[in-house]
Amino acid sequence: MTDDLSRCDMKKILIIDEDIDWLSALKSFFERSGYEPALAASYPEGFEMLMLVQPDLVFLDIKPHDPSGLLLYRKIKQQDEYARIPVIVTSHHTEALKLYLPYGDSAFLKKPFQLSRLLKTLRVYL
């Protein structure tokens with residue numbers, strides 16, 4: 001019974017990234033850190049999962065050469081039912097930072113980043 005109650009209190013994090021190995025590593029890290037991760041390996045799958053999971057936070061990888069990630073980010077920030085959800089944007093490309101800045105309250109982590117920095121960022125938004 002206690003496990004059921006603690007699971008209800010766990011914050012849900014939707015991780016959207018095309019790198020399957022990275023998704024798996026983040027899933028394990030978030031689970032060990034007390035979060036409930038949901039995974040999406042593409043932007044369209046990410047939007048579907050957003051609707052299904054109703055996460056407390058979205059962890060979104062953006063590639064500047066692929067406009068789909070920025071379009072998904074805009075959908076999240078411009079639709080009333082999702083706009084309250086914080087987004088942590090990640091990218092190997094520093095120029096991705098300027099793409100999302102006009103849209104809100106999100107954080108940016110340049111890959112690779114230290115897991116301790118990720119945890120500090122999560123605590124700010126959750």
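Keep in mind it's a predicted model, so treat the numbers as computed, not measured. These numbers come from the heavy atoms of this one structure, side chains and all, not from hydrogens, waters or symmetry mates.
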Indicate, with yes or no, if Met51 and Val87 share a hydrophobic cluster defined by side-chain heavy-atom contacts under 4.5 Å among Ile, Leu, Val, Met, Phe, Trp and Tyr. yes
Between Ser24 and Ile20, is there a donor-acceptor pair closer than 3.5 Å when you use the side chain of the first and the backbone of the second? no
Rounded distance [0.5 Å steps], CG in Leu50 versus CD in Gln79: 8.0 Å
If you round to the nearest 0.5 Å, how far is CG of Leu39 from CG of Leu26? 8.5 Å
Output the distance between atom CD1 (Ile13) and atom NZ (Lys27), rounded to the nearest 0.5 Å. 13.0 Å
A side-chain contact here means heavy atoms from C-beta on lying under 4.5 Å apart; do Ser91 and Lys63 qualify? no
Might you work through the ring-ring contact (aromatic ring centres under 6.0 Å, His included) test for Phe29 and Tyr35, ending with a clear yes or no? CA-CA 9 Å; Phe29 174 75; Tyr35 298 101; 8.4 Å; no
Nearest 0.5 Å please: distance from the OH atom of Tyr43 over to the CD1 atom of Ile62. 6.5 Å
Pick one: which of Val124, Ile15, Leu57, Leu60 meets side chain to side chain contact (heavy atoms under 4.5 Å, CB included) with Ile88? Leu57
Approximate separation, where rounding is to 0.5 Å, of Glu36 CD and Leu14 CG: 11.5 Å
So how far is it from Asp56 CG to Met10 CE, rounded to the nearest 0.5 Å? 11.0 Å
Examine Lys75 relative to Phe47 and say whether NZ or CZ is less than 6.0 Å from the centre of the six-membered ring and inside a 45° cone about the ring axis. yes
Over all atoms of both residues, closest heavy-atom pair of Met49 and Ala38: CE-CB, 3.8 Å
Using side chain to side chain donor-acceptor pair (under 3.5 Å) as the criterion, list what pairs up with Ser68, not counting sequence neighbours. Asp66
Main-chain N/O of Ile85 paired to Lys77 side chain as donor or acceptor, under 3.5 Å: yes
Would you say Val89 ends up clustered with Leu71 if hydrophobic residues are merged whenever their side chains have heavy atoms under 4.5 Å apart, either directly or through other cluster members? no
CA sep, side-chain torsions, deciding dist, call: Ile16, Val58, side-chain contact (heavy atoms from CB on, under 4.5 Å): CA-CA 8 Å; Ile16 305 168; Val58 174; 4.0 Å; yes
Which pairs of donor and acceptor atoms, one on a side chain in residues 108-115, lie under 3.5 Å apart (sequence neighbours left out)?
| residue | atom | partner | partner atom | Å |
| --- | --- | --- | --- | --- |
| Lys110 | NZ | His92 | O | 3.1 |
| Lys111 | NZ | Asp17 | OD2 | 2.7 |
| Lys111 | NZ | Asp61 | OD1 | 3.1 |

